[in-house]
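Working notes, beginning with the structure itself.
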2 protein chains.
Amino acid sequence: MPRRTKAEAEATREALLDAAEDVFLEKGVSRTSLEHIARHAGMTRGAVYWHFKNKADLFHAMLDRVKMPLQQIIDDITAERQASGPLNTLRLATLHAFEMLERPRSCRVHTILIHRCEFISDINPVELQNRLASDCREVVRRCFQQAHDEGLLIDEVTPDVATLMLHSMIGGLVHDWLRTPDNYSLSAHGGEAIDNLFYLITRHAQV
Amino acid sequence: MPRRTKAEAEATREALLDAAEDVFLEKGVSRTSLEHIARHAGMTRGAVYWHFKNKADLFHAMLDRVKMPLQQIIDDITAERQASGPLNTLRLATLHAFEMLERPRSCRVHTILIHRCEFISDINPVELQNRLASDCREVVRRCFQQAHDEGLLIDEVTPDVATLMLHSMIGGLVHDWLRTPDNYSLSAHGGEAIDNLFYLITRHAQV
DNA sequence: ACACGCATACATACATGAATGTAAATGCCA
DNA sequence: TGGCATTTACATTCATGTATGTATGCGTGT
């Protein structure tokens with residue numbers, strides 16, 4: 001059994017995570033055995049246990065390889081708050097999250113999270129999503145509140161309604177797209193829907 | 001083992017399906033054993049196998065107990081096409097689907113389908129959802145096309161964009177709600193978002 | 001109405017395979 | 001040489017599907 005360098009061990013760990021992405025995506029998390037992941041990576045099951053405590057640990061490590069789209073939106077909003085106005089901030093943050101999500105690994109991992117897993121030991125993917133959704137909704141609502149206070153939203157749309165509409169549309173676009181990510185571009189289609197929504201709720205100068 | 005009457009046997013079958021809903025919801029489909037379902041129903045595993053071929057068969061029977069929200073929308077649109085104008089037809093169909101989804105069994109079964117299962121033998125829940133989504137999108141798009149042809153949509157919104165927005169919003173609202181169905185009313189919140197969307201895309205008389 | 005025999009609707013037993021986690025072995029390199 | 005990063009071996013549990021057992025309902029004939 002050749003002893004490995006640190007770099008080689010790290011490469012093994014990455015190979016296992018890559019394999020997990022592929023196999024989880026293909027078979028779903030529950031029906032994937034650690035043996036299968038190991039073989040897919042050209043290793044044995046012992047190597048999986050050397051690097052990860054169990055399937056849940058492996059799953060967590062896989063999730064940590066990407067940033068959640070809603071977390072991406074929160075970060076962008078927080079970072080760009082003063083940059084280009086609240087509505088544009090929101091819009092750009094959403095479009096950016098779509099772009100990030102279209103990266104192969106992000107797409108894979110999020111498909112697994114949304115469509116390929118139920119519970120993993122003590123991990124509840126639904127709660128994970130819920131927490132992020134709540135956080136994001138709050139950040140978005142504050143941004144819409146600011147837009148409203150600055151008179152940028154049309155009168156008929158409150159910050160709460162705007163938040164509800166944007167948030168649900170993002171969720172629907174992402175879930176739909178993740179079901180068949182090769183069929184169309186999230187950025188293009190999703191971006192179009194989002195741009196239209198912002199157009200509709202934005203107060204335009206009267207001419 | 002006393003032989004049961006036909007009515008009793010049917011009651012057993014229903015009890016098993018009820019148990020499946022409860023246990024699948026609690027533990028996810030993959031991690032639920034048929035033994036657990038049987039016990040939950042006060043039966044043994046033999047009873048499950050008498051009534052259902054396997055877990056997939058049981059799962060299918062459970063799904064057949066409810067109508068999918070998107071199928072509900074398709075049916076309503078098809079049935080009410082000439083009734084009250086395309087936009088109102090769409091709107092009412094959507095609100096109706098939300099109402100139906102709020103029924104306890106519908107809520108349970110859809111939560112299981114969306115958030116509690118990966119693959120079940122040869123069943124792919126994602127494909128199931130995809131097929132319905134495609135069908136519904138097509139029906140909705142035709143309805144929006146009709147509205148557009150009758151000059152009911154504002155100029156800036158094409159039937160395709162309207163379809164994309166409505167469809168993704170419905171999806172997002174439903175997915176979000178199913179994660180915490182006890183926290184708020186889908187009909188109320190979802191209905192509000194939908195009403196606002198229709199308000200925004202409808203051409204209003206100029207005064 | 002009653003008796004009989006078959007079939008049903010379960011409960012229980014059996015056989016098997018798969019997956020997990022842990023322990024022990026391995027070989028190489030710092 | 002010791003220890004690391006793996007491979008291999010071991011022990012156990014769980015879940016599945018199938019086979020078998022059981023007591024009664026049901027249908028039919030008298």
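Labels below follow one simple rule: chain letters A, B, ... track the order of the sequence lines, proteins then strands, and each chain is numbered from 1.
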_Let's go through B:R137 and A:D176 carefully: what are the C-alpha distance in whole Å and the side-chain angles of both, what is the deciding distance for side chain to side chain contact (heavy atoms under 4.5 Å, CB included) to 0.1 Å, and is it a yes or a no?_
CA-CA 12 Å; B:R137 225 169 351 232; A:D176 282 349; 4.0 Å; yes
*asked:* If the threshold is 4.0 Å, N to carboxylate O, is there a salt bridge linking A:R142 and A:E138?
replied: yes
*Atom CZ of A:R31 to atom P of D:dA15: distance rounded to whole Å?*
16 Å
_So if I take every side-chain heavy atom of B:R45 and compare against D:dA15, C:dC14, C:dC10, which nucleotide ends up nearest?_
C:dC14
_Candidate nucleotides D:dT6, C:dA11, C:dA19, ranked by approach to the side chain of A:A47 - the nearest_ = D:dT6
_What I want to find out is whether A:D18 reaches A:R65 closely enough, with some N-O distance under 4.0 Å, to be called a salt bridge._
yes
*asked:* How many whole angstroms separate atom CH2 of A:W50 from atom C1' of D:dA5?
replied: 6 Å
*Within the structure shown, what part of the strands sits under 4.0 Å from B:T12 by heavy-atom distance: base, sugar-phosphate, or nothing?*
sugar-phosphate
*How is A:T44 classified with respect to the nucleic acid when contacts are heavy atoms under 4.0 Å: base, sugar-phosphate, or nothing?*
base
*Where the side chain of B:R4 is concerned, which of C:dC10, C:dG21, D:dT18 is the nearest nucleotide?*
C:dC10
_Nearest whole Å is fine: how far is C:dT22 C1' from A:N54 CG?_
13 Å
*Is B:F98 close to B:L173 at the side-chain level, that is, under 4.5 Å between some pair of heavy atoms?*
yes
*In terms of side-chain geometry, is the basic nitrogen of B:E118 or A:R116 positioned less than 4.0 Å from the acidic oxygen of its partner?*
no
*Whole-Å distance between C:dA13 P and B:E35 CD?*
12 Å
_Rounded to whole Å, please give me the gap between CZ in A:F52 and C1' in C:dT22._
19 Å
*asked:* Let me spell it out: for each of B:M43 and A:K53, pick the nucleotide of DNA chain C with the closest heavy atom. Which residue's pick is nearer the 5' end?
replied: B:M43
*Measure from CD on A:E8 to P on C:dC29 and round the result to the nearest Å.*
9 Å
*Please state how far atom NE2 in A:H51 lies from atom C1' in D:dT7, giving the value in whole angstrom units.*
13 Å
*Closest to the A:A9 side chain: D:dG17, D:dA5, C:dA11?*
D:dA5
*In whole angstrom, what separates B:K6's NZ from D:dG25's C1'?*
10 Å
